[in-house]
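Sequence lines set the chain letters: A, B, ... in the order given, protein chains first and strands last, and positions in each chain run from 1.
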Number of protein chains: 2
Amino acid sequence: MYLLLVDDDGRLTRLLDHLLRQAGHTVDVAHDGRVAAALMAQGDYDLLVLDWMLPHEAGISLCQRARAEGFEGGILMLTARDALEDRLEGFAAGADDYLLKPFEPEELLARLEALGRRACRPLSQRCLQVGGWTLECDDRRVIHGERSVALTLREFQLLELLMRRAGHSVPRELIYERLWGRDQAVTDNALDATLRLLRRKLERVAARQPIETLRGLGYRFTDEA
Amino acid sequence: MYLLLVDDDGRLTRLLDHLLRQAGHTVDVAHDGRVAAALMAQGDYDLLVLDWMLPHEAGISLCQRARAEGFEGGILMLTARDALEDRLEGFAAGADDYLLKPFEPEELLARLEALGRRACRPLSQRCLQVGGWTLECDDRRVIHGERSVALTLREFQLLELLMRRAGHSVPRELIYERLWGRDQAVTDNALDATLRLLRRKLERVAARQPIETLRGLGYRFTDEA
DNA sequence: CCCAATGATTAAGGCAGCATTAAAAGCTTG
DNA sequence: CAAGCTTTTAATGCTGCCTTAATCATTGGG
């Protein structure tokens, strides 16, 4: 799952970021409404976790905008408020779920899992398709023609990111940020190694390789079939 | 990315200039408000980094003017102040982000990257168009008619500069300053060599060459189609 | 018409970015 | 805890970009 976490409490986001990554998800973090809005505009998230109180733009407003812009994934709001009218306001803005601070991280994870499983969103979220390539998110497999291969977590995350940005270059730094997080200490060529494994698997499935290197720019997924 | 750095602290600007160039960006530096305003008037920047306190004209005033003149890129303010009303004033003037001195250079870079990635900027930033020529900034390509070529970093920077000033002559010194920086020791004909490579690539894409030499004046990009 | 001066061209070397491989370190599972 | 798999590291090789240096062409002035 591909999700955006918006809260100005750095300690909280670090903790949740960590837990969600451990659960195999891909996480972006924003600490204020402005950055969140920017990421939402370009990112293609499955789930949003929005704090109510935020610098620049309130979570509720972000929620409204997301729905207005056609966002179909799940939205979970975090808030210290518990007044009924606020909850109604939240649901009216398009939120799917609510969680009152303080909460147990496990509860958030559970609710997110539930939201993610919800069939309310289109199947496109569960299988990404670009040209002749299909990425099955449920069981981490790529399909091309008659063949298919199972991917490991890292391989899957990498391919998912590239396929979501298909046709555009994805810089290496962005990949690091998405797969390992900002503060994770990981060597430069962890990416190279993962890419090598991924490419090798894709070779077993198709003659034409879809991931091209743009020297100095990053990588790009393209399928010209 | 194409950015203007305004701060009267020469040591700071030199450091940031260096780091930003290493990250593949194109940088202009100004040390006071007057020079900055002049550069802003003619330059076509993606991002501004403005110090609050400046000789001649305050950063906040520059920020306001930029927005008043229709500047749509990102603006990041640097300041030693941290009072809330100042921040609000900054945002009211049109700033997108804030950074308190002293700061870690890495943080500034990260914030600039975030600002740059923002989809809020017009598409014109992502693809420059002059006549029949289109420059794709995302994957560093020029397109002309049905054909297109990939450019390297230097080729791209050079063409970007010329196309932004399309119709006007661009002196060689300006190109040196933009591509290599003031203090970078680089031989004269680094430019010639780069231009040669660029022209050769453009030949593969169109019969009519758009970059003309104005002896003693510089170069000019024109497209008469 | 010749001579600086300016720009054009070409080939070659150094270097940074990326690729590749093997092996070590972590995890998971029975 | 041992086996098997995934993830990360370290070391090394390779490719292509950038810059340089040397040489050639063109322009405008004396």
Side-chain angles (χ1 to χ4, degrees), chain A residues 18-19 21-26 139-141 149-162 169-176 178-181 183-204 209-220, chain B residues 18-19 21-26 139-141 149-159 162 169-176 178-181 183-204 209 211-221:
Chain A
H18 182 70
L19 290 173
R21 281 176 190 281
Q22 275 201 324
H25 303 299
T26 308
D139 48 357
R140 286 190 197 143
R141 288 188 147 274
V149 208
L151 302 177
T152 66
L153 173 63
R154 290 301 190 208
E155 294 160 1
F156 170 79
Q157 288 179 320
L158 178 54
L159 185 56
E160 183 190 18
L161 180 51
L162 292 175
S169 68
V170 181
R172 290 172 66 97
E173 310 120 43
L174 180 64
I175 300 178
Y176 280 118
R178 285 287 161 84
L179 268 67
W180 288 276
D183 34 33
Q184 195 78 15
V186 98
T187 320
D188 255 31
N189 75 343
L191 200 168
D192 300 80
T194 305
L195 183 63
R196 178 79 185 85
L197 296 169
L198 175 59
R199 276 178 164 157
R200 180 175 288 173
K201 284 194 177 172
L202 297 185
E203 278 168 14
R204 288 169 24 194
Q209 284 306 293
I211 301 176
E212 51 185 332
T213 305
L214 304 175
R215 201 183 177 79
L217 268 184
Y219 301 93
R220 182 172 54 184
Chain B
H18 181 71
L19 291 173
R21 282 176 189 282
Q22 275 201 325
H25 303 299
T26 309
D139 45 0
R140 289 190 197 142
R141 290 186 146 273
V149 208
L151 303 177
T152 66
L153 174 62
R154 290 300 190 209
E155 293 160 0
F156 171 80
Q157 287 179 322
L158 177 54
L159 184 56
L162 292 175
S169 71
V170 181
R172 292 173 65 97
E173 311 122 43
L174 180 63
I175 300 178
Y176 280 117
R178 284 287 162 83
L179 268 67
W180 288 277
D183 35 33
Q184 194 80 12
V186 99
T187 318
D188 255 31
N189 75 343
L191 200 168
D192 300 85
T194 305
L195 183 63
R196 176 78 185 86
L197 296 170
L198 176 58
R199 276 178 164 156
R200 179 176 290 173
K201 284 195 177 171
L202 297 185
E203 279 168 15
R204 287 168 27 193
Q209 284 306 292
I211 301 176
E212 50 186 331
T213 304
L214 305 174
R215 201 180 176 80
L217 270 181
Y219 301 93
R220 181 171 57 183
F221 186 99

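- For Leu214(B) and dG28(D), the CG to P distance is 11 Å, given to the nearest whole Å.
- Proximity of Leu161(A) to Thr26(A): side-chain heavy atoms (C-beta onward) are nowhere separated by under 4.5 Å.
- With hydrogens and angles ignored, the 3.5 Å screen pairs no side-chain donor or acceptor of Arg140(B) with any backbone N or O of Glu155(B).
- Note: CG (Leu197(B)) to P (dA8(C)) measures 13 Å, nearest angstrom.
- Summarising the geometry, the separation between CD on Glu155(A) and C1' on dC5(D) is reported as 11 Å, rounded to the nearest angstrom.
- Protein atom CD of Gln157(B) is 14 Å distant from nucleotide atom C1' of dT19(D), rounded to whole Å.
- Note on Asp192(A) versus Arg172(A): salt bridge recorded, some NZ/NE/NH1/NH2 to OD/OE distance being below 4.0 Å.
- Between Leu197(A) and Thr152(A), the closest side-chain pair of non-hydrogen atoms is not below 4.5 Å.
- The listed nucleotides are dA21(D), dT9(D), dT7(D); the one nearest the side chain of Val186(A) is dT9(D).
- In this structure, Leu179(A) places its CG atom 14 Å from C1' of dT6(D), rounding to the nearest Å.
- dG17(C) atom C1' lies 13 Å from atom CD of Glu173(A), rounded to whole Å.
- Close to dT6(D), at under 4.0 Å from its OP1 or OP2, lies no side-chain N or O of Thr152(A).
- Using modelled atom types, one side-chain atom of Arg21(B) and one backbone atom of Arg178(B) make a donor-acceptor pair closer than 3.5 Å.
- Within the structure, a side-chain polar atom (N or O) of Arg154(B) is placed less than 4.0 Å from OP1 or OP2 of dT19(D).
- The residue Arg215(B) sits close to a base: some heavy atom pair falls under 4.0 Å.
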**OP:** Between protein and nucleotides 19-30 of chain C, map the contacts as a letter string: B base, S sugar-phosphate only, - none, heavy atoms under 4.0 Å, written 5' to 3'.
**Re:** BBB---------

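- Contact between the side-chain N/O atoms of Trp180(B) and the OP1/OP2 oxygens of dC18(D) is not found at any separation under 4.0 Å.
- Gln209(A) approaches Glu203(A) most closely through the heavy-atom pair NE2-CA, 3.3 Å.
- If you measure from atom CZ of Arg21(A) to atom C1' of dT7(D), you get 15 Å, rounded to the nearest angstrom.
- For Leu217(A) and dG16(D), the CG to P distance is 16 Å, given to the nearest whole Å.
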